[in-house]
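This report refers to the structure that appears directly beneath it.
Just so it is clear, the model here is predicted, and its values are computed rather than measured. One-based numbering along the sequence shown.
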Amino acid sequence: MHRPRHVLILGGTTEARRLAAELAADSALRVTSSLAGRVAAPRLPAGQVRIGGFGGPEGLARWLREQQVDALIDATHPFAGTISFNAARAAADVHVPLLALRRPGWVAGPADDWHPVGSLTEAADALPALGERAFLTTGRMGLAAFAHLEDMWFLVRSVDAPEPPMPARTEVLLDRGPFTVEGEAELLRRYGIDVLVTKDSGAAATAAKLVAARGAGIPVVVVRRPPAPEGVPVAADPAAAVRWLRASLT
């Protein structure tokens, strides 16, 4: 009797959970999802789950060998750059097929006032010329990049409470999407927000703030996402990832 083919999903995203649910229903597959452990109470996917890092590319390669992984799918957040490059190195070392599952990025419309930047540091540099009260939706990591902006006020939204360093004039809002356009518009009005800062994470679950900013005529500083590692195929949605997996395992 053949053993189930083992698929490791580097997860933490909505797409990763959708993919795990579809694959876990196939008895010919053994599905393990790995979560970084940065969120205190993550939404757990179907199948087996492991939480925590691997110890760099060498540790991941060792895990792939020991657990007899047949295919690796990197479905992490588009800005989780380190694990993506570790996955590329580990998969190449162990000769395991690797796919990057990346939701498409957002595209500005004619009524949007977007200011693309390459990093959180560049976002902080752009802010003083754009507004005084910023809605910061880049997550709880990396707030130190804005800590020197003492003349600005920040509303910081994240799933878990951030830790210093962060801007001195900051109010923290603990919340988890999906969000509605109406709710985001009310948030902008209530706090007098005049500039929005976000990462180009894509996905409809967090796009409502962009629609609300457009309606309010508020500029948006958009941090561009890093590219997937060179040579790694990319799928735009779980359905495409399933097709890639079926082809890779035949």
Side-chain angles (χ1 to χ4, degrees), residues 11-21 35-45 75-80 101-117 120 123-124 126-127 130-143 145-146 152-163 166-167 169-225 236-238:
T13 59
T14 301
E15 291 78 13
R17 290 191 294 273
R18 286 171 49 199
L19 179 62
L35 308 181
R38 290 178 178 171
V39 177
R43 295 171 177 168
L44 297 180
T76 55
H77 191 277
F79 284 84
L101 174 54
R102 293 284 182 271
R103 67 181 76 128
W106 291 315
V107 178
D112 288 313
D113 181 15
W114 286 12
H115 300 259
V117 296
L120 291 177
L127 274 182
L130 297 174
E132 298 178 349
R133 296 178 65 83
F135 184 20
L136 197 56
T137 64
T138 55
R140 65 189 179 95
M141 314 293 286
L143 296 184
F146 304 90
M152 293 197 65
W153 182 90
F154 290 88
L155 176 65
V156 173
R157 181 168 67 194
S158 63
V159 176
D160 294 317
E163 297 179 358
M166 69 179 72
R169 301 173 63 205
T170 295
E171 181 167 337
V172 176
L173 180 62
L174 299 182
D175 205 355
R176 188 200 301 259
F179 304 104
T180 66
V181 174
E182 293 76 14
E184 298 290 62
E186 171 58 26
L187 207 62
L188 298 180
R189 285 192 296 267
R190 186 190 322 152
Y191 290 97
I193 300 299
D194 56 12
V195 60
L196 169 67
V197 185
T198 187
K199 293 177 177 178
D200 181 17
S201 57
T206 52
K209 61 193 171 190
L210 301 174
V211 180
R214 181 191 308 142
I218 291 174
V220 182
V221 179
V222 181
V223 182
R224 291 186 294 265
R225 61 173 63 178
D237 54 48

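Looking only at side-chain heavy atoms (C-beta outward), Trp153 and Pro167 stay at 4.5 Å or farther from each other. You'll find the side chain of Trp114 reaches within 4.5 Å of the side chain of Leu210, heavy atoms only.
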Exercise. Could you please spell out the steps behind the side-chain contact (heavy atoms from CB on, under 4.5 Å) verdict for Leu187 and Arg157?
Key: CA-CA 11 Å; Leu187 207 62; Arg157 181 168 67 194; 3.7 Å; yes
Exercise. Tell me, with the steps shown, if Arg140 and Asp160 meet side-chain contact (heavy atoms from CB on, under 4.5 Å).
Key: CA-CA 7 Å; Arg140 65 189 179 95; Asp160 294 317; 3.8 Å; yes
Self-check item: Worked check of salt bridge (Lys or Arg N to Asp or Glu O under 4.0 Å) between Asp112 and Arg214
Solution: CA-CA 5 Å; Asp112 288 313; Arg214 181 191 308 142; 2.8 Å; yes
Quiz item: Between Met141 and Ser158, does a side-chain contact (heavy atoms from CB on, under 4.5 Å) hold up when you go through it step by step?
Solution: CA-CA 9 Å; Met141 314 293 286; Ser158 63; over 6 Å; no
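Heavy-atom minimum distance, Thr138 versus Phe146: OG1-CE1, 4.5 Å. Here the closest heavy-atom approach between residue Ala123 and residue Val223 is recorded as CB-CG2, 4.2 Å. Scanning all heavy atoms of the two residues, the minimum distance from Arg225 to Gly202 falls at NH2-N, 3.6 Å. Here the closest non-hydrogen pair linking Ala208 and Thr180 is CB-C, 3.5 Å. Of all heavy-atom pairs between Leu143 and Pro162, the closest is CD1-CB, 3.5 Å. The two residues Met152 and Gly131 have their closest heavy-atom pair at CE-O, 3.3 Å.
The distance from atom CZ of Phe154 to atom CD1 of Ile193, rounded to the nearest 0.5 Å, is 10.0 Å. Atom CG of Leu120 and atom CG of Leu136 lie 8.0 Å apart (nearest 0.5 Å). The distance from atom NE2 of His77 to atom CZ of Arg102, rounded to the nearest 0.5 Å, is 10.0 Å. Here CD1 of Ile218 is found 13.0 Å from NZ of Lys209. Values are rounded to the nearest 0.5 Å. Of the inter-residue distances, the one linking Phe179 atom CZ with Thr137 atom OG1 reads 9.0 Å to the nearest 0.5 angstrom. With rounding to the nearest 0.5 angstrom, the CG atom of Leu35 is 9.5 Å from the OG1 atom of Thr13.
Remark: Glu171 CD is packed, more than 12 non-hydrogen atoms of other residues, nucleotides or ligands lying under 6.0 Å away. Within a 6.0 Å sphere centred on CD of Glu132, heavy atoms belonging to other residues, nucleotides or ligands number 12 at most.
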